[in-house]
Number of protein chains: 2
Amino acid sequence: MDDKDQLQVAIGKRVKMLREEQGIAQQDLAAKCNIEKSNFSRLEAGGTNPTLYTLKRIADNLGITLCDIVNLEDEK
Amino acid sequence: MDDKDQLQVAIGKRVKMLREEQGIAQQDLAAKCNIEKSNFSRLEAGGTNPTLYTLKRIADNLGITLCDIVNLEDEK
DNA sequence: GTCTTGGTTATCATAAATGATAAAATAAGT
DNA sequence: ACTTATTTTATCATTTATGATAACCAAGAC
């Protein structure tokens, strides 16, 4: 597990956590972001290194900031 | 200029600003991040939609957080 | 049991990020 | 003027994020 993989897993977990906090289904958030639900699942699982724009769409549809989403240090 | 382009330009400007604040040359920061200097120039110019990992390497080598780097709202 | 809902996994195609190299432009100094 | 350093731009190859589709899995409801 290299540096990049760890980052991907961390961002995936964070997105999942933020999404579940709002009680929104994965497929629903994916749809709002215009992301395929399968791809969204892969992202949450840490299987991708998302681009800024992808993260931005997720943040926007969660009603949070990019800063909130990449705040990966203090999540346990 | 669509949504995505605006985001790219904004992140590019922000990276450039943060880099210049530290008085470090573009090519030097690029080297530290293991990014080709030409690609780094393109990124600062808003010509790319960087991945999370790319932004992470830049943040690390600037000694700042990802959150700092994507804090795009309050820069004028 | 079946049906739904939410999520996962696999696969392939396409678009785009990045690597890599080279050349040209720009700025600053002497 | 001439360097030198820095940045920009163009181009091509390679890797990978994403789109797109399909099949599958799990948990509840009924």
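Chain identifiers are assigned alphabetically (A, B, ...) following the order of the sequence lines, protein sequences preceding nucleic acid strands; residue numbering begins at 1 within each chain. Just so we're clear, the structure is a prediction, and the values are computed from it rather than from any experiment.
A straight line from CG of B:Leu52 to P of C:dT18 spans 11 Å, rounded to a whole angstrom. In this entry the distance linking CZ of A:Arg42 with P of D:dT16 reads 13 Å, nearest Å. Put simply, CG on B:Asp5 is 10 Å from P on C:dA16, counting in whole angstrom units. Atoms CG (A:Leu55) and P (D:dA17) sit 12 Å apart, rounded to a whole Å. For the pair B:Gln27 CD and D:dT4 P, the computed distance is 15 Å after rounding to whole Å.
No contact: A:Leu43 has no heavy atom under 4.0 Å from any strand. Counting any heavy atom pair closer than 4.0 Å across all strands shown, B:Ser41 reaches a base atom. Counting any heavy atom pair closer than 4.0 Å across all strands shown, B:Asp28 reaches no nucleic acid atom. Using a 4.0 Å heavy-atom cutoff across all strands shown, B:Thr51 reaches sugar-phosphate atoms only and no base atom. Nucleic acid contact for A:Ser38: base, since at least one base atom lies under 4.0 Å from a heavy atom of the residue.
Checking D:dA17, D:dG19, C:dG19 against the side-chain heavy atoms of A:Lys4 singles out D:dA17 as nearest. Distance from the side chain of A:Asn39 is smallest for D:dG19 among the nucleotides D:dT8, D:dG19, C:dA16. Between C:dA17, D:dT6, C:dT21, one nucleotide has an atom nearer to the side chain of B:Ala25 than all others, and that is D:dT6. Among the nucleotides D:dT7, D:dT18, D:dG19, the one closest to the side chain of B:Arg19 is D:dT7. Taking the side chain of A:Thr48 as heavy atoms from C-beta on, and the options D:dT18, C:dG19, D:dT21, the nearest nucleotide is D:dT18.
Side-chain contact between A:Thr54 and B:Leu52 is absent, with no heavy atoms from C-beta onward closer than 4.5 Å. With contacts defined as side-chain heavy-atom distances shorter than 4.5 Å, the pair A:Arg42/A:Asn39 qualifies.
Taking CG from A:Leu29 and NZ from A:Lys16, the interatomic distance works out to 13.0 Å, rounded to the nearest 0.5 Å.
Residues passing the disulfide (SG to SG under 2.5 Å) test with A:Cys67, sequence neighbours excluded: B:Cys67.
Comparing B:Lys37 and B:Cys33 along DNA chain C, the residue whose closest nucleotide (by nearest heavy atom) sits nearer the 5' end is B:Cys33.
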Start with the C-alpha gap between B:Lys56 and B:Asp60, add the side-chain angles, then the distance that decides, and say whether salt bridge (Lys or Arg N to Asp or Glu O under 4.0 Å) holds. CA-CA 6 Å; B:Lys56 179 70 160 51; B:Asp60 285 348; 3.0 Å; yes

